[in-house]
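In what follows, a structure is listed as structure tokens, so that the remarks can point back to it.
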Amino acid sequence: MIEFHKKWITNSCLIIKENYQKINMLDQEIGDGDHGTTILRGLEEAVSHFRTNNEFNNSVSFMNEISKLMRVSMGGASGILMTIFFKELGNLNLNDLYNSILTTFSNTITKIQTRGKVKFGDKSFLDIYIPIHKELIENNLIDLDKIIKKIDESLEYTKSLEARVGRAKFLDSKGVGVIDPGAYSTSIILKEFFKEINNEENN
Amino acid sequence: MIEFHKKWITNSCLIIKENYQKINMLDQEIGDGDHGTTILRGLEEAVSHFRTNNEFNNSVSFMNEISKLMRVSMGGASGILMTIFFKELGNLNLNDLYNSILTTFSNTITKIQTRGKVKFGDKSFLDIYIPIHKELIENNLIDLDKIIKKIDESLEYTKSLEARVGRAKFLDSKGVGVIDPGAYSTSIILKEFFKEINNEENN
Amino acid sequence: MKKIINNNLNIVDDMLSGYVKSHSDRVKFSEINKRIICRKNKKQLSKVPILIGNGSGHEPIAVGWVGDGMLDANIVGDIFSAPSGDLIFEGIKIFKDHSSILLLISNHSGDVMNGEMAIEMAEDENINAKCLIMYDDIASAPKGNEAQRRGGAGTTFVYKILGALSEKGADIEQLLSLGKQIIDNTRTLSVAISPGTSPITGEKIFTIEEDEIFIGMGVHGESGYGRQKIQPSKKIISFMLDKIFDDFNYKSGDIVIPFVNGSGSSTLMELLIIFNDLEEYLSKYNIQIFKPLINEYITTQDSGGFSISLLNSSEEMRKLWLEPSSVPYFHL
Amino acid sequence: MKKIINNNLNIVDDMLSGYVKSHSDRVKFSEINKRIICRKNKKQLSKVPILIGNGSGHEPIAVGWVGDGMLDANIVGDIFSAPSGDLIFEGIKIFKDHSSILLLISNHSGDVMNGEMAIEMAEDENINAKCLIMYDDIASAPKGNEAQRRGGAGTTFVYKILGALSEKGADIEQLLSLGKQIIDNTRTLSVAISPGTSPITGEKIFTIEEDEIFIGMGVHGESGYGRQKIQPSKKIISFMLDKIFDDFNYKSGDIVIPFVNGSGSSTLMELLIIFNDLEEYLSKYNIQIFKPLINEYITTQDSGGFSISLLNSSEEMRKLWLEPSSVPYFHL
Ligand SMILES: Nc1ncnc2c1ncn2[C@@H]1O[C@H](COP(=O)(O)OP(=O)(O)O)[C@@H](O)[C@H]1O
Ligand SMILES: Nc1ncnc2c1ncn2[C@@H]1O[C@H](COP(=O)(O)OP(=O)(O)O)[C@@H](O)[C@H]1O
Ligand SMILES: [Mg+2]
Ligand SMILES: [Mg+2]
Ligand SMILES: [Mg+2]
Ligand SMILES: [Mg+2]
């Protein structure tokens, strides 16, 4: 399980690194211009931690450590909220993938909503988690292609939303017309996650 | 005599007003960009003083007052040095014009040299006074056309000089290639002066 | 980007290193973490420690306010990012032997979420930490929704006055109660004139036309009342004060403490001119001025702009405002 | 031009009006002229008053330094223009009953000519005023020609230390003698990063490329060692300190007071990073640091840049440096 997480986080980090300036530009338009740098900092911290340390007891404590490290190194609104998923994933069970993913998503969503005082449609990365959660339930299985498609749709949808959380809520435009930066980074992380799940299932 | 000074100062002020931004631009290139504004402030102060006050005893005390007002309102390097001429002009004698102008010039030049620790060729408005003084001596009379020509020549000459006083002395270029702003304003003031002298003589 | 820095990733650590070295008579790194700056001398247990966590890039606030009479510790986040709840909790734990601890939080979502998390962590370990959420920026939410407003420069009154009160041995309830009164009586409105440069991205933080100013912008470029053409100071100031007077019911004879804060590249010359216009406006309404504060305290890098904060003061607040403090970068 | 001002012609007067209103506990207008700012409370006749005349636009210097422990009066010129000798003399005359008066002059030609004129006017009226010409900027004249150098941020050491000495009742000879020692032991080098805007013309004060900095520029944009590409802070600082170390013979064990001054829009974050690098450089040479000063004190409007000044200090200087002062805008 720990190996799974390492692979997934490493891949996410790579893709975020390719895109972090683009994400900064999105946050530049509707926030303070740092989200790409922030999420990259968190992921790089995680990767370098498990590259230099080898003794991890179990998946729960591993992901606890990782999520805390990321939260501390990221800080801000995104650090505390985006690492919830990472922490919840400690309970992921490869022997009961579908169900444990559903649980992870529903716990993640509840905790983000509570901590972030945020709802679906408020223009945040929650607008990615919720549709994917629904998609998973509706499909009754993990269909990579459908999920990827849904992620892209949901991401695009954030463009049309008025921000009711985050810094963009203070803009005249409420951020309409710009993809939410947190949703963008989340789309990368979730795509990498489901690709890795797919690999696991096909092994 | 006081009327003469008023006319001359009023005219100088008008022409400086038309040119002060150009003079600022010269000072912008080789100094701190304020000489046009500074000399205009001084002359406007003088004009408004004699427009609103009428009781002046004699030319000496009149020009003492004027030069002090200008010095105070201008401040800086140019305020103290450029008003020397105004103060000296208190002794101008319309009945002995040529000689009293020579005396005024020679006193002005000496005092500028002493106070400013400046020599001919150091790129300052002294580079206008000295050639005019020589011209006056050589011509043995006041020849307006020759003087105007000399002023223009001398002004142009300051362009080629390296600054050894003023802020331009600290430039890499030493101000070479730019007309000295103090010389520029002085050229206007002296032209107006000699034009007014010419008017007096022709009356 | 033209910033005098070394490695981009070490900006905050390099800065804190310079800060602690240069003011080692008053501040130090906490023993546990170099992102927590403490007073040099710990206070007796009867004092309620006052802490805040905040994103950096706004110096001198808040790291410059650690010391006698103001903060006991500052937990320093990255540029424009609140520190994590975990880190804030580390800061709180330093004072775990005190019977109570006050965590100030400026009302920005990252700061609030992380601050609340830290308070929960403290509760779990039976540490009695309470938080006070500070807000004052009238451009960020309408009258009636005061608690939704962002924390702006007017939070300064809370730092200083509660700092002084806690030195006098006040308990946490007294601190919270006076803190609430200060917040209820503070109004801030800011103006952005030119964008600073983000040290992270090297980009300008926002865009604005050459002849425009932006009334009500937040410290990270958040929007407010919107753009207008630049005007003479007196006009801008009376526009702003009209807004503040619409929001708060000042009465003839009120005694107000004004704070004119510069955002980074606005000059002290301008801040003093602004204060001059402000004083004329207030005196028209027969409002008295008490010991104003005028300088750059809450900056957004090299942004041009300023804010006006008014505290409609009680006698107690005024007395505490004048109490001496000894911190590197706060001076009445 | 985007400056928050009213009528262009009244900038200085509006600013002084705001200044005196806001710090009326410590400063006031002189009775004779609103361009002369005095301490609120005149001192006993045995104290040698310390005055300076200087152009404005560089705030907080020098007007912000009037008060106990520093200046007795400041004669304020227009933006970037020394006040006239006549006006400086008015300032001197306020103290004519004192047995002697010290006029500080920062070495810029307008300041020197007008200061010397004021001293001559005082002599004519049998007032015993002496002047001390201050210089420190190593970029403005080579080693050996120290007295030709411009006055830069390092003149701060003179203001503060002589201010403290005069409070202790020192006579004019003692002041001049210690002043000379301070000047002899002070070295300053500055860097310009981005031009500020002249409030007079609305134009940028100088031009510089987007990736360049300018080492040795004076406070009015005067030239120095010339332009170079921007580099990491450590590199810039060691380039600068190498120049200073070439100019002054520091020895292991010397105790230096450093002053890192911001020119206007450089952030405190950068100044602290610069100090951090400076401290590392000095410690390599085993030079000790004593109570540094780090902030914006001598500005050129909103120019980006900074200067480093080092005073190689004696024990007496260090003691006086730490003496309390109470002026609106100088704080160790
Ligand atoms: N209250 C919130 N609830 C949910 N998501 C939020 C909230 N606040 C911010 N976000 C998310 O965080 C992203 C911004 O992250 P980041 O730029 O790293 O944080 P900061 O706003 O502290 O600079 C936004 O795009 C949004 O998706
Ligand atoms: N020491 C000096 N001797 C003679 N002229 C000088 C001296 N210093 C400056 N000037 C003259 O003054 C002019 C600049 O005037 P101004 O810009 O008003 O003064 P400041 O340099 O104080 O801004 C220069 O162009 C030069 O002609
Ligand atoms: Mg952001
Ligand atoms: Mg000039
Ligand atoms: Mg941020
Ligand atoms: Mg000037």
Side-chain angles (χ1 to χ4, degrees), chain C residues 2-7 11-12 14-19 21-23 25 56-57 59-60 64 79 191 193-194 196 199 210-213 230 232-234 236 258 260 264-279 289 291-292 294-296 299 301-302 304 306 328-329 331, chain D residues 2-7 11-12 14-19 21-22 25 56-57 59-60 64 79 191 193-194 196 199 210-213 230 232-234 236-237 258 260 264-279 289 291-292 294-296 299 301-302 304 306 328-329 331:
Chain C
K2 258 169 156 185
K3 297 252 181 204
I4 306 297
I5 54 176
N6 292 299
N7 183 338
I11 294 177
V12 178
D14 287 354
M15 166 180 80
L16 293 179
S17 169
Y19 178 63
K21 277 175 193 168
S22 55
H23 298 286
D25 50 339
S56 50
E59 289 68 34
I79 308 278
V191 174
I193 298 168
S194 61
E210 202 24 70
D211 61 346
E212 274 182 355
I213 61 173
I230 189 160
S233 174
K234 265 190 215 325
I236 299 171
V260 179
S265 66
S266 287
T267 56
L268 181 58
M269 177 188 93
E270 291 165 281
L271 303 184
L272 291 168
I273 291 173
I274 289 161
F275 178 75
N276 191 48
D277 295 333
L278 170 86
E279 190 271 347
I289 285 182
K291 194 58 187 167
I294 305 171
N295 213 341
E296 270 173 29
T299 65
Q301 295 291 307
D302 53 324
F306 67 94
Y329 291 104
H331 304 284
Chain D
K2 257 171 159 184
K3 296 252 184 207
I4 306 296
I5 54 174
N6 292 299
N7 183 338
I11 294 176
V12 178
D14 287 353
M15 166 179 80
L16 294 179
S17 169
Y19 178 64
K21 278 176 194 167
S22 56
D25 50 339
S56 50
E59 290 66 34
I79 308 277
V191 175
I193 297 168
S194 61
E210 201 25 69
D211 60 347
E212 274 183 355
I213 61 173
I230 188 158
S233 173
K234 267 191 213 324
I236 299 171
I237 302 312
V260 179
S265 65
S266 287
T267 56
L268 180 58
M269 175 187 94
E270 291 165 281
L271 304 183
L272 291 169
I273 291 172
I274 289 161
F275 178 75
N276 191 47
D277 294 333
L278 169 86
E279 189 271 350
I289 284 182
K291 193 60 186 166
I294 305 170
N295 214 342
E296 270 174 28
T299 65
Q301 294 292 307
D302 53 324
F306 66 95
Y329 291 104
H331 304 284

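Reckoned from all heavy atoms, side chains included, excluding hydrogens, waters and symmetry mates. Letters A, B, ... mirror the listed sequences (proteins, then strands); counts begin at 1.
- In terms of heavy-atom pairs under 4.5 angstrom with chain D, the leader among C:I236, C:N295, C:I289, C:L278 is C:N295.
- Side-chain contact between C:S233 and D:I5 is absent, with no heavy-atom pair separated by less than 4.5 Å.
- Note that the OG1 atom of D:T299 and the CG atom of C:L268 stand 7.5 Å from one another [nearest 0.5 Å].
- If you tally non-hydrogen atom pairs under 4.5 Å between each of D:G304, D:P292, D:S56 and chain C, the highest count goes to D:P292.
- Every side chain to side chain donor-acceptor pair (under 3.5 Å) that C:T267 has, sequence neighbours left out, goes to C:E270.
- At a 4.5 Å heavy-atom cutoff, the contact between C:I274 and chain D is made by side-chain atoms alone.
- With D:Y19 as the fixed residue, the side chain to side chain contact (heavy atoms under 4.5 Å, CB included) test singles out one of C:I273, C:L272, C:N276: C:L272.
- With a 4.5 angstrom heavy-atom cutoff, C:D211 touches chain D only via backbone atoms.
- D:I193 touches chain C through backbone and side chain together, each having a heavy atom under 4.5 Å away.
- Chain C forms more heavy-atom pairs under 4.5 Å with one residue of D:S22, D:G64, D:S266 than with any other, namely D:S22.
- The CD1 atom of D:I230 sits 6.5 Å away from the NZ atom of C:K2 when rounded to the nearest 0.5 Å.
- For C:E279, the part lying under 4.5 angstrom from a heavy atom of chain D is the side chain only.
- Residue C:L271: no heavy atom, backbone or side chain, is found under 4.5 Å from chain D.
- Checked against ring pair (Phe, Tyr, Trp, His ring centres under 6.0 Å), C:Y329 has the following partners two or more places apart in sequence or in another chain: C:H23.
- Chain C forms more heavy-atom pairs under 4.5 Å with one residue of D:S17, D:S265, D:G18 than with any other, namely D:G18.
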